Structures are given as C-alpha cells and as structure tokens.
Amino acid sequence: MLPSNELVELISSIAMENNIPIQYATAPNYGQDGSALQKSGEGMPVINIGIPVRYMHQQAGVFEKSDYDATLKLIIAVLQEMDGAQVKSLLPV
C-alpha cells in the first residue's frame with residue numbers, strides 16, 4: 001500500500017489542530033486491504049490508522065490505553081472535520 005501524501009497531510013493537520021499525538025510508521029512489503037482498493041478501478045487514496053501494539057501477531061497484544069484513546073479521538077476528529085469537498089479533492093480526477 002502506498003499512503004496518500006495528501007491524506008496523510010490532512011489527517012496530520014487535524015491531529016495537530018486537536019492536540020492529538022500521532023506516530024508515523026512504515027512497513028515495507030506489507031499488504032493491507034488498502035492496497036487492494038488502490039489497484040481497483042481508478043484507484044483510491046488510502047492510509048492506515050492503527051494503534052501501536054507490541055506483540056501484535058501473538059495470542060495477546062499489548063498497548064497503552066492512552067494510544068487507544070488518542071487513536072479514537074483522531075478518527076472522531078477526522079470524521080467530524082472532513083467535508084465533501086475535502087474528500088472529493090482527494091479522489092482521482
């Protein structure tokens with residue numbers, strides 16, 4: 001999956017405006033559902049928003065509740081602040 005730079009910038013700015021801490025990470029050669037969306041039709045801008053988890057692929061992962069709370073706050077802020085014009089500007093012409 002190749003994250004959309006415009007979407008990353010938009011969501012990062014929403015996080016900054018709302019004082020929500022974020023962490024950036026990359027995972028080369030890692031497939032996600034977003035990569036399938038990018039290959040379909042005209043493509044689609046995608047990013048991955050996730051909670052930092054230790055031991056993610058084990059029987060039980062461990063995460064900080066504050067990271068969970070920040071992720072939830074970010075998703076809610078994005079949904080509240082993005083309007084139709086912003087979404088349309090991100091789509092392929």
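Keep in mind the model is a prediction, meaning the values are calculated, not measured. Heads up: numbering here begins at 1 and tracks the sequence.
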Which residues share a side-chain contact (heavy atoms from CB on, under 4.5 Å) with [X], sequence neighbours left out:
X: Gln59; result: none
X: Pro21; result: Ala70
X: Asp83; result: Ala85, Gln86

Determine, using the 4.5 Å side-chain heavy-atom cutoff (strictly less than), whether [X] and [Y] are members of one ILVMFWY cluster.
X: Ile20; Y: Tyr68; result: no
X: Ile14; Y: Val46; result: no
X: Val8; Y: Leu90; result: yes

Pair Ile49-Thr71, side-chain contact (heavy atoms from CB on, under 4.5 Å): steps then yes or no:
CA-CA 8 Å; Ile49 297 176; Thr71 303; 3.9 Å; yes
Contact list for residues 3-15, test side chain to side chain donor-acceptor pair (under 3.5 Å), sequence neighbours left out:
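Residue pairs passing side chain to side chain donor-acceptor pair (under 3.5 Å), neighbours aside: Ser4-Glu6, Ser12-Tyr24.
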With side-chain contact (heavy atoms from CB on, under 4.5 Å) as the criterion, how do Gln23 and Asp67 come out once you've worked through the C-alpha distance, each side chain's angles and the decisive distance to 0.1 Å?
CA-CA 10 Å; Gln23 301 175 41; Asp67 287 334; 3.7 Å; yes
Verdict with supporting geometry, Ile22 and Ile11, side-chain contact (heavy atoms from CB on, under 4.5 Å)
CA-CA 10 Å; Ile22 57 175; Ile11 291 176; over 6 Å; no
Would you be so kind as to tabulate the donor-acceptor pairs closer than 3.5 Å made by side chains of residues 73-82, with sequence neighbours excluded?
unit_1: Glu81; atom_1: OE2; unit_2: Asn18; atom_2: ND2; d: 2.8

Please go through Val62's hydrophobic cluster and name the other residues, only I, L, V, M, F, W, Y counting, with side-chain heavy atoms under 4.5 Å joining them.
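Other cluster members: Tyr55.
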